[in-house]
Amino acid sequence: MSATDLSIFENERDLTAQPGDERDTLVLSMGPQHPSTHGVLRVMLRLDGETVVTADPEIGFLHTGIEKQAENLFWQQAVTVVDRADYLAPLSNSLCYVLAAEKLLGIQNIPPRAQVLRVMFAELTRIASHLVQLGTHAMDLGAQSIFMYAFEMRERILEIMEFVTGARMHQSWFRIGGLAIDVPKGFLDKMDDFIGRFPERLSDIRAILEKNIIIMDRLIGVGKMTAHEAVEWGMTGPILRASGVAYDVRKAFPYSGYETYDFDICTRTSGDSYARFVVRLDEMYEAWRIIKQAREKFPDGPVTIDDRKILPPPKTEIQHSMEALIHHFKLVSSGFNVPEGHIYQAVESPRGELGMYVTSAGGNKPWRVRWRPPSFYNLQALRKLAPGNLVADVVAIIGSLDPVFGEVDR
Amino acid sequence: MAEVKAGRAATAALLAQLAADLGASLLDAVSAADMDEAVIVAAGLLPAVDAVRANGFNLLLDIGATDHHPLTPRFEISYHFLALPEDAVAGSIPSSGVVPARFRLRVFPDDRDPVVPSLCGRWPNADWPEREVYDLFGVRFDGHPDLRRILMPDDWEGYPLRKDYPLRGLNRRFNPGGLPGPVPPVVTK
């Protein structure tokens, strides 16, 4: 569009004067720089006074072609780009991807230590992600200090992540066939410290927020969704559970040994923003319970499968074995081939059912990695939830839907 | 895996009904490793979806596309469904959680004029994923109320997830680092 092209203003005029409308409405463009839109969401609101008549979210500002990039990398390399989609819960993305690739390869003997560590870190990620949601959601509603409490707690988790994987975010720690490296010495002490402190910190936040009159006033009855509507709009995760449907991928289609852990599905029945808020608080406690059980059963042993065609041999072996060197060279220069086929793999990410429909054409790169991003479907329901509410409530509803735009736009 | 077996029992009835309802429109019915799936022609999509829904698959999980170029037919549109038991939706919450089933439909539209019926009349959440498939693959959805680009800018040329579209894009005004290439044909709405 050139600088003199004024057609955009004509479009806007068209939107305000809807033929057949009895009352005048105003079109308000909220975002993409608005702080409460959690990144880069633009919502075109049509307002009657201060009441929303229609809300049309516009997305795509953060589109980085992750699906296209994944098709152009070796199977193992693609772990690093799938991490970038949901940047608040990177390990959920890579867990989904490596599980899909392992199923296509027919790998079933992932060592128990790797399984336990995968579960442990997926749940740590869930707590970290829910803490960001909680902090920013409370800040949107005017409670500034909760943000600091929540981010301080998240910092402790990111410290563990950095200690183990070397990165605070985008850990890329899971590998097809196991984990990149084993945990360093002193990891269990750090975990014990975290497990010991967390419940108290969580109950602090609960005490401040759960019965807080301002929070209740702003959230109860706002953005209500019945169970049937939630199913109709394809909602998953905390939003579906807050409407009273006890669907959790970890229980329904267990992966990575989740069937061996004792945890509850947290549900509420009112289906409003407050129910979603409380479900996330409950889920953090359940995630802590899973981490605690994983710590108790923490087994010894290797963290990768013993297959030189998938994972490179250890460095010490490369130094004296020609065969190991050749394996290493082959894996680095051309990767490995995956048998032809397609598979749908889902995990319970902090935002809901994160699915990947992975197609292999038999080559050393994924032919197609199709995301089922939970935020994408959850955010779409804003068109259903926002109309009839006040403008200020739109902020509360967006916060309670918890969209992450790395994942919505990929 | 008891859950998977229970899920498979639910889809067996569906596959039988699809075979009866669709006749020649049903190209293949496979019991894949992850879930049961049916391959159908594009014209049979809406009757097939009605049968899927009548068999309890009430949640449309995902609509996605795959480009199999240079193989033909090149475009595959995949639909994933989830069946949540009606009593779970109605509010009686089993403590152990619901035991759902998944099902997949695959459609291979015509290469020269890729068009598939839209599911927007059946599920409201079909809107955005269908726009995304149109945006990135150039497959049209017949009956979609508002079929326009969703992730790429409105004036973008080409369909980035097609296999003949280069990774770094085409050399255009805003993309001097892209590869030279012909202007791709525009898929009209």
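Residue numbers begin at 1 in each chain, while the letters A, B, ... track the order of the sequences. Please read these numbers as outputs of a predicted model, since none were measured by experiment.
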Determine yes or no for a side-chain-to-main-chain donor-acceptor pair under 3.5 angstrom, with A:Glu67 supplying the side chain and B:Leu161 the backbone. no
Are A:Glu71 and B:Arg162 within salt-bridge range, i.e. N to O under 4.0 Å? no
Taking B:Ala65's backbone N and O only, do any of them form a donor-acceptor pair with A:Arg368's side chain (distance below 3.5 Å, no angle check)? yes
Engaged part of A:Val369 at the chain B interface, taking heavy atoms whose separation is under 4.5 Å: neither
If you round to the nearest 0.5 Å, how far is CG of A:Leu240 from CG of B:Leu59? 7.0 Å
Check whether B:Leu71 gets within reach of chain A through its side chain, its backbone, both or neither, counting any heavy atom under 4.5 Å. neither
Side chain, backbone, both or neither: which part of B:Pro129 has a heavy atom under 4.5 Å from chain A? both
One pair to check against side-chain contact (heavy atoms from CB on, under 4.5 Å): A:Tyr377 and B:Asp62. What are the steps and the verdict? CA-CA 9 Å; A:Tyr377 289 92; B:Asp62 195 28; 2.6 Å; yes
Do B:His80 and A:Glu353 pair up side chain to side chain, a donor and an acceptor below 3.5 Å, judged on atom types alone? no
Please classify the contact of B:Leu61 with chain A as side chain, backbone, both or neither, using a heavy-atom distance under 4.5 Å. both
Quick one: does NZ or CZ of B:Arg102 land under 6.0 Å from the six-membered ring centre of A:Phe253, within 45 degrees of the ring axis? yes
Between B:Pro124 and chain A, with a heavy-atom cut-off of 4.5 Å, which part of the residue counts as in contact: side chain, backbone, both or neither? both
If I measure from the heavy atoms of chain A, does B:Arg168 come under 4.5 Å with its side chain, its backbone, both, or neither? neither
Bottom line for B:Asp127: the part with an atom under 4.5 Å from chain A's heavy atoms is both
Is B:Arg131 close to chain A through its backbone or its side chain, or both, or neither, when contacts mean heavy atoms under 4.5 Å? neither
Scored by heavy-atom pairs under 4.5 Å with chain B, the best of A:His342, A:Gln345, A:Gln69 is A:His342
Find the one option among B:Arg104, B:Arg122, B:Glu76, B:Met152 whose heavy-atom pairs under 4.5 Å with chain A are most numerous. B:Arg104
Value rounded to 0.5 Å, distance of CG in B:Asn125 from CZ in A:Arg383: 9.5 Å
Minimum heavy-atom distance between A:Val408 and B:Leu151, given as atom pair plus value: O-CD2, 4.1 Å
At their closest point, which heavy atom of A:Tyr357 faces which heavy atom of B:Ser78, and how far apart are they? CE2-OG, 3.4 Å
Output a table of donor-acceptor pairs, distance under 3.5 Å, between side-chain atoms of residues 55-63 of chain A and any protein atom two or more places apart or on a different chain; print 'none' if there are none.
| from | atom 1 | to | atom 2 | distance (Å) |
| --- | --- | --- | --- | --- |
| A:Glu58 | OE1 | A:Arg42 | NH1 | 3.2 |
| A:His63 | ND1 | A:Asp409 | O | 2.8 |
| A:His63 | ND1 | A:Arg410 | O | 3.3 |

Under 4.5 Å to a heavy atom of chain B? For A:Tyr344 that would be both
Against chain B, label A:Arg370 side chain, backbone, both or neither, depending on which of its atoms sit under 4.5 Å from a heavy atom there. side chain
Plane angle bin for A:Trp367 and B:His68 - parallel if under 30°, tilted between 30 and 60°, otherwise perpendicular: parallel
Tell me which of these, A:Ala361, A:Gly234, A:Gly65, has more heavy-atom pairs under 4.5 Å with chain B than the rest. A:Gly234
